[in-house]
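Read the structure below first, then the notes.
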Amino acid sequence: MGLESSQRLAQCTGWLPREFMLTQLATPLMRSTARRMLRFGEEKHGTITPSPVQGRRYLLYIHVPYCEALCPYCSFHRVKYKPDQAQRYFIALRSEIEHYADLGFEFSDVYVGGGTPTVNLPELKQTLDLVHDRFSIQNISVETNPDHLNDTTFQTLHDIGVNRLSVGVQTFDNNLLKAMDRYDRYGSGEEIVRRLKSAKDEFDTLNIDLIFNLPNQTESMLRRD
């Protein structure tokens, strides 16, 4: 999170100075580490990957770290979306998936988290098509943001067999959404509700994420959410 957005969040929410200072100290280190990890070249998979246990089916987690905007409260590994870099990342990701398939791993369920996995639907589709080709998949779960709840996203996710969708709502309270820099990007609480209603019959499971203990969040606000 940048200094300006951190200061704005502190002013809006009364964020503790100690937390603010820790964030400012940790952010440059995390960005430096992320830049090193995201310099993709020719992929070489080491020999340290363990062999699968015969007859065991595993669960596959795929991480897509890219977001169109970085929310100031989020502690997950994520970086600002850059199309060229993201394309190299997905190529490296598919190479790693092939590596596990060649070792004999068998995955039954897949969870795609982020970041925002739906930030690049064509690359996501190509990756999950590969997963279907190499493994016998029963369920696929994908995370997304409220502004991606539209017919194009629904159709693409259906085409690649996604039957569980998890939406990062965080809160329906407009004041909290503004404090988290989400109101202008993802819509008001009322707009998010309308988008969720459009998605409720599209998937076997529709999950929403809510955050508890946000600064200035009262119990009544949480119960309303």
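Since the model is a prediction, treat every value here as computed from it, not as a measurement.
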Would you compute the distance between atom [atom1] of [X] and atom [atom2] of [Y] and round it to the nearest 0.5 angstrom?
{"X": "I97", "Y": "L130", "atom1": "CD1", "atom2": "CG", "answer": "5.5 Å"}
{"X": "L210", "Y": "D225", "atom1": "CG", "atom2": "CG", "answer": "5.5 Å"}
{"X": "N145", "Y": "R185", "atom1": "CG", "atom2": "CZ", "answer": "8.5 Å"}
{"X": "L157", "Y": "T144", "atom1": "CG", "atom2": "OG1", "answer": "7.0 Å"}
{"X": "S198", "Y": "D151", "atom1": "OG", "atom2": "CG", "answer": "7.5 Å"}

Original post:
Looking at R134 and D102, does any basic side-chain N land under 4.0 Å from a carboxylate oxygen?
Top reply: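 Yes.
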Original post:
Less than 4.0 Å between a side-chain N and a carboxylate O, is that true for R94 and E98?
Top reply: no
Exercise: identify the closest heavy-atom pair between [X] and [Y]:
{"X": "F212", "Y": "Q217", "answer": "C-OE1, 3.6 Å"}
{"X": "I192", "Y": "T171", "answer": "CD1-O, 4.5 Å"}
{"X": "Q85", "Y": "V79", "answer": "OE1-CG2, 4.3 Å"}
{"X": "C67", "Y": "G115", "answer": "SG-CA, 3.4 Å"}

Original post:
More than 12 heavy atoms of other residues, nucleotides or ligands under 6.0 Å from CZ of R224: is that the case?
Top reply: no
For a quick test of your reading: what N or O donor-acceptor pairs under 3.5 Å do the side chains of residues 50-58 make, sequence neighbours left out?
| from | atom 1 | to | atom 2 | distance (Å) |
| --- | --- | --- | --- | --- |
| R57 | NH2 | S136 | O | 2.8 |
| Y58 | OH | V53 | N | 2.9 |

Considering only heavy atoms from C-beta outward, does the side chain of [X] approach that of [Y] to under 4.5 Å?
{"X": "P146", "Y": "R182", "result": "yes"}
{"X": "N163", "Y": "T205", "result": "no"}
{"X": "L124", "Y": "P122", "result": "no"}
{"X": "E123", "Y": "Y66", "result": "no"}
{"X": "V169", "Y": "L196", "result": "yes"}
{"X": "N207", "Y": "R164", "result": "no"}
{"X": "V131", "Y": "I137", "result": "yes"}
{"X": "L165", "Y": "E202", "result": "no"}

Quick one: does [X]'s side chain have a donor or acceptor within less than 3.5 Å of a partner on [Y]'s backbone?
{"X": "D181", "Y": "C71", "result": "no"}
{"X": "E143", "Y": "G114", "result": "yes"}
{"X": "T153", "Y": "L149", "result": "no"}

Original post:
Does anything in residues 114-135 pair up under ring pair (Phe, Tyr, Trp, His ring centres under 6.0 Å), and if so which pairs, sequence neighbours excluded?
Top reply: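 Every pair satisfying ring pair (Phe, Tyr, Trp, His ring centres under 6.0 Å) with a residue in residues 114-135: F107-F135.
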Original post:
Taking only residues at least two apart or on different chains, which pairs with a member in residues 185-204 satisfy ring pair (Phe, Tyr, Trp, His ring centres under 6.0 Å)?
Top reply: F154-F203, H158-F203
Under 3.5 Å side-chain donor-acceptor pair for [X] and [Y]:
{"X": "S188", "Y": "N174", "result": "no"}
{"X": "H148", "Y": "T118", "result": "yes"}
{"X": "D159", "Y": "Q155", "result": "yes"}

Subject >> Residue that, paired with V110, satisfies side chain to side chain contact (heavy atoms under 4.5 Å, CB included) out of L60, L59, T127 >> reply: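 So, applying the side chain to side chain contact (heavy atoms under 4.5 Å, CB included) to V110 and each of L60, L59, T127, only L60 qualifies.
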Original post:
Could you walk me through whether L93 and I62 pass the side chain to side chain contact (heavy atoms under 4.5 Å, CB included) check?
Top reply: CA-CA 8 Å; L93 181 60; I62 296 175; 3.5 Å; yes
Original post:
Under a single-linkage definition using a 4.5 Å side-chain heavy-atom cutoff for Ile, Leu, Val, Met, Phe, Trp and Tyr, are L222 and M180 assigned to the same hydrophobic cluster?
Top reply: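 Result: no, two separate clusters.
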Original post:
Would you call the rings of Y61 and Y111 parallel, tilted or perpendicular, where under 30° means parallel and over 60° means perpendicular?
Top reply: parallel
Original post:
Yes or no on side chain to side chain contact (heavy atoms under 4.5 Å, CB included) for I140 and V142, after CA distance, side-chain angles and deciding distance?
Top reply: CA-CA 7 Å; I140 298 181; V142 170; 4.1 Å; yes
Original post:
Given the rule in the salt bridge (charged side-chain N to carboxylate O under 4.0 Å, His left out) test, do E219 and R223 qualify, once you have shown the distances and angles that lead to the verdict?
Top reply: CA-CA 6 Å; E219 182 178 344; R223 289 185 179 278; 2.9 Å; yes
Original post:
Would E68 and T116 satisfy side chain to side chain contact (heavy atoms under 4.5 Å, CB included), going step by step from the backbone distance to the final call?
Top reply: CA-CA 8 Å; E68 292 162 313; T116 309; 5.7 Å; no
Subject >> Criterion salt bridge (charged side-chain N to carboxylate O under 4.0 Å, His left out) on K125 and D129, from CA distance to verdict >> reply: CA-CA 6 Å; K125 182 180 186 305; D129 282 343; 2.8 Å; yes
Subject >> side chain to side chain contact (heavy atoms under 4.5 Å, CB included) between S166 and D209, worked out >> reply: CA-CA 7 Å; S166 180; D209 289 343; 3.8 Å; yes
**OP:** Dump the intermediate steps for salt bridge (charged side-chain N to carboxylate O under 4.0 Å, His left out) on D147 and R195, then the final yes or no.
**Re:** CA-CA 8 Å; D147 61 324; R195 289 179 177 273; over 6 Å; no
